[in-house]
Amino acid sequence: MTSDNDRRRGLLARLRGRPVARSRGRRRLGAAVRLIAALTLAGGAYTVFAPGVQAQENPPLTGAAAEGKALFDVSCVTCHGRNAQGVEGRGPSLVGVGAASVEFQVGTGRMPMARQEAQAQRKPPVFTDEQVRQLAQYVQELGGGPQVPEGDLREGAHIATGGELFRINCSQCHAFGGGGGALSSGKFAPSLRPASDRQIYAAMLSGPQNMPVFGDNQITPEQKADIIAYIQETLKHDQDQGGFNLGRYGPSTEGLAIFLIGIVALVFASLWIAGKS
């Protein structure tokens with residue numbers, strides 16, 4: 001009797017457990033079906049909308065940028081590659097350098113380079129100002145980057161403040177008179193005399209050659225205006241209160257002048273004194 005009851009209880013327990021096992025199995029199967037359906041739906045949506053997303057990532061060029069691309073494909077593609085992505089051993093990628101870099105390099109004639117050198121030197125520009133702006137716009141629309149603002153770049157500037165900023169940040173390389181100076185490995189800091197307002201501003205934004213980048217976090221736009229005003233209105237005028245400036249090259253020319261004039265004068269004075277005695 002006892003064994004029959006035990007068997008019945010066990011059978012009832014098993015019967016009660018079956019719906020639980022079946023409900024768990026159904027839930028797992030339903031979850032798997034829903035996951036597959038969601039993945040299928042996501043894949044279908046991507047297939048449908050991917051061309052639209054790609055089109056948004058490559059918007060059409062503006063008129064100025066299209067003109068710049070035509071110039072680029074003729075004069076720059078050999079070294080910088082199609083779409084300005086660079087060519088190994090010839091030229092770097094221009095994606096992300098911004099319009100400021102193009103305005104400085106092309107506007108000063110440093111680009112296109114005639115040959116590979118330690119440093120690109122300033123020479124008469126190949127392109128007109130309008131063409132330079134078109135090339136800059138093309139590079140800007142390719143990958144963004146720093147841009148030189150429009151308008152008067154010296155508006156509201158303080159020359160005295162610009163002088164202090166120049167002596168702190170620029171004179172180590174460009175010398176106190178802005179005449180430039182030699183650097184290592186055949187490179188040099190160029191003279192600031194032929195540079196325009198936009199070229200100076202572009203150089204601070206892009207950091208060409210060995211020059212560091214002075215973004216708006218390092219030197220604010222107002223401080224940049226002060227520096228430009230100091231360079232253009234003070235350094236470019238022959239206001240040398242100390243007399244002959246010796247080319248404004250600093251201690252090198254001063255030492256040479258002291259040796260050639262001072263030492264030679266002392267030698268002749270010594271000889272004259274010896275002859276008199």
Side-chain angles (χ1 to χ4, degrees), residues 43-150 153 183 185-190 194-217:
Y46 177 80
T47 304
V48 172
F49 294 108
V53 173
Q54 186 176 4
Q56 292 177 1
E57 291 176 351
N58 298 295
L61 298 173
T62 61
E67 295 290 338
K69 184 180 187 306
L71 294 169
F72 183 92
D73 290 341
V74 172
S75 303
C76 314
V77 70
T78 303
C79 294
H80 294 289
R82 297 186 65 82
N83 298 322
Q85 294 177 350
V87 177
E88 186 176 356
R90 293 184 182 179
S93 170
L94 301 181
V95 178
V97 302
S101 180
V102 178
E103 282 202 47
F104 177 82
Q105 298 288 357
V106 181
T108 61
R110 288 176 167 85
M111 293 291 163
M113 290 183 68
R115 58 185 179 277
Q116 292 291 337
E117 296 178 302
Q119 180 167 323
Q121 301 196 33
R122 187 184 186 110
K123 56 185 182 293
V126 175
F127 301 99
T128 65
D129 291 343
E130 182 180 1
Q131 290 174 329
V132 171
R133 294 291 188 94
Q134 291 170 347
L135 282 167
Q137 185 63 29
Y138 171 60
V139 172
Q140 183 68 32
E141 293 186 16
L142 276 182
Q147 288 181 282
V148 179
E150 299 296 334
L153 299 178
L183 301 175
S185 304
K187 298 183 179 181
F188 60 91
S196 67
D197 291 3
R198 292 188 67 85
Q199 290 167 1
I200 296 173
Y201 204 111
M204 286 190 280
L205 286 179
S206 60
Q209 310 296 157
N210 279 11
M211 182 174 172
V213 175
F214 294 105
D216 291 343
N217 292 330

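Note that the structure is predicted; figures quoted are calculated from it, not measured. In this chain, numbering begins with 1 at the start of the sequence shown. In what follows, every heavy atom counts, from backbone to side chain, and hydrogens, waters and symmetry copies are set aside.
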Qualifying ring pair (Phe, Tyr, Trp, His ring centres under 6.0 Å) pairs, either residue in residues 85-124, two or more places apart: none

Flag the pair V139 / V95 as yes when at least one side-chain heavy-atom distance between them is below 4.5 Å, and no otherwise. no

Can you list the residues that meet the salt bridge (Lys or Arg N to Asp or Glu O under 4.0 Å) rule with E88, with sequence neighbours excluded? none

Backbone N/O of R90 and side chain of Q116: donor-acceptor pair under 3.5 Å: yes

Where Q209 and A118 come nearest, the two heavy atoms and their spacing: NE2-O, 4.3 Å

Smallest separation among heavy atoms of G98 and Q140, with atom names: CA-OE1, 3.4 Å

Please report the interatomic distance CD(E103) to OG(S196), rounded to the nearest 0.5 Å. 8.5 Å

Separation between CG of L94 and CD of Q105, rounded to the nearest 0.5 Å: 9.5 Å

Beyond-backbone contact of V126 with P112, side-chain heavy atoms, under 4.5 angstrom: yes

side-chain contact (heavy atoms from CB on, under 4.5 Å) partners of E67, counting only residues at least two apart: Q134

Does H80 reach the main-chain N or O of V87 with its side chain, forming a donor-acceptor pair under 3.5 Å? no

With sequence neighbours excluded, residues passing side chain to side chain donor-acceptor pair (under 3.5 Å) with E130: none

Quick one, Q121 with R110, criterion side-chain contact (heavy atoms from CB on, under 4.5 Å). Give me CA distance, side-chain angles, the key distance, then yes/no. CA-CA 5 Å; Q121 301 196 33; R110 288 176 167 85; 6.0 Å; no

How far apart are the closest heavy atoms of M211 and A203, and which atoms are they? CE-O, 3.7 Å

Under the side-chain contact (heavy atoms from CB on, under 4.5 Å) test, residues paired with L142 that sit two or more places apart: A84, Y138

Can you list every pair that meets ring pair (Phe, Tyr, Trp, His ring centres under 6.0 Å) and has a residue in residues 105-137, with sequence neighbours left out? none

Test item: Q119 side-chain N/O and F188 main-chain N/O as donor-acceptor pair under 3.5 Å: yes

The salt bridge (Lys or Arg N to Asp or Glu O under 4.0 Å) partners of D73 (sequence neighbours excluded) come to K69

Of all residues at least two apart in sequence or in a different chain, which pass the side chain to side chain donor-acceptor pair (under 3.5 Å) check with T62? E141

Once side-chain contact (heavy atoms from CB on, under 4.5 Å) is applied, do any residues pair with E150, and if so which ones, sequence neighbours excluded? R133, R198

Sorted by chain and number, sequence neighbours left out, side chain to side chain donor-acceptor pair (under 3.5 Å) with N83 holds for none

Write down the atom of P146, the atom of G96, and the distance for their closest heavy-atom approach. CD-O, 4.3 Å

Check whether any side-chain N or O of S101 sits under 3.5 Å from a backbone N or O of V97 as a donor-acceptor pair, and report yes or no. no

Partners meeting side chain to side chain donor-acceptor pair (under 3.5 Å) with Q199 (sequence neighbours left out): R122

Sequence neighbours left out, what passes side-chain contact (heavy atoms from CB on, under 4.5 Å) with N210? Give chain and number order. L183, K187

Rounded to the nearest 0.5 angstrom, the CE-SG distance for M111 and C76 is 9.5 Å

For the pair I200 and L153, evaluate side-chain contact (heavy atoms from CB on, under 4.5 Å) and give the outcome as yes or no after the intermediate values. CA-CA 10 Å; I200 296 173; L153 299 178; over 6 Å; no

Side-chain heavy-atom pair Y201, D197 within 4.5 angstrom cut-off: no

Check A100 against A202 and note the closest heavy-atom contact, atom names and distance. O-CB, 3.3 Å

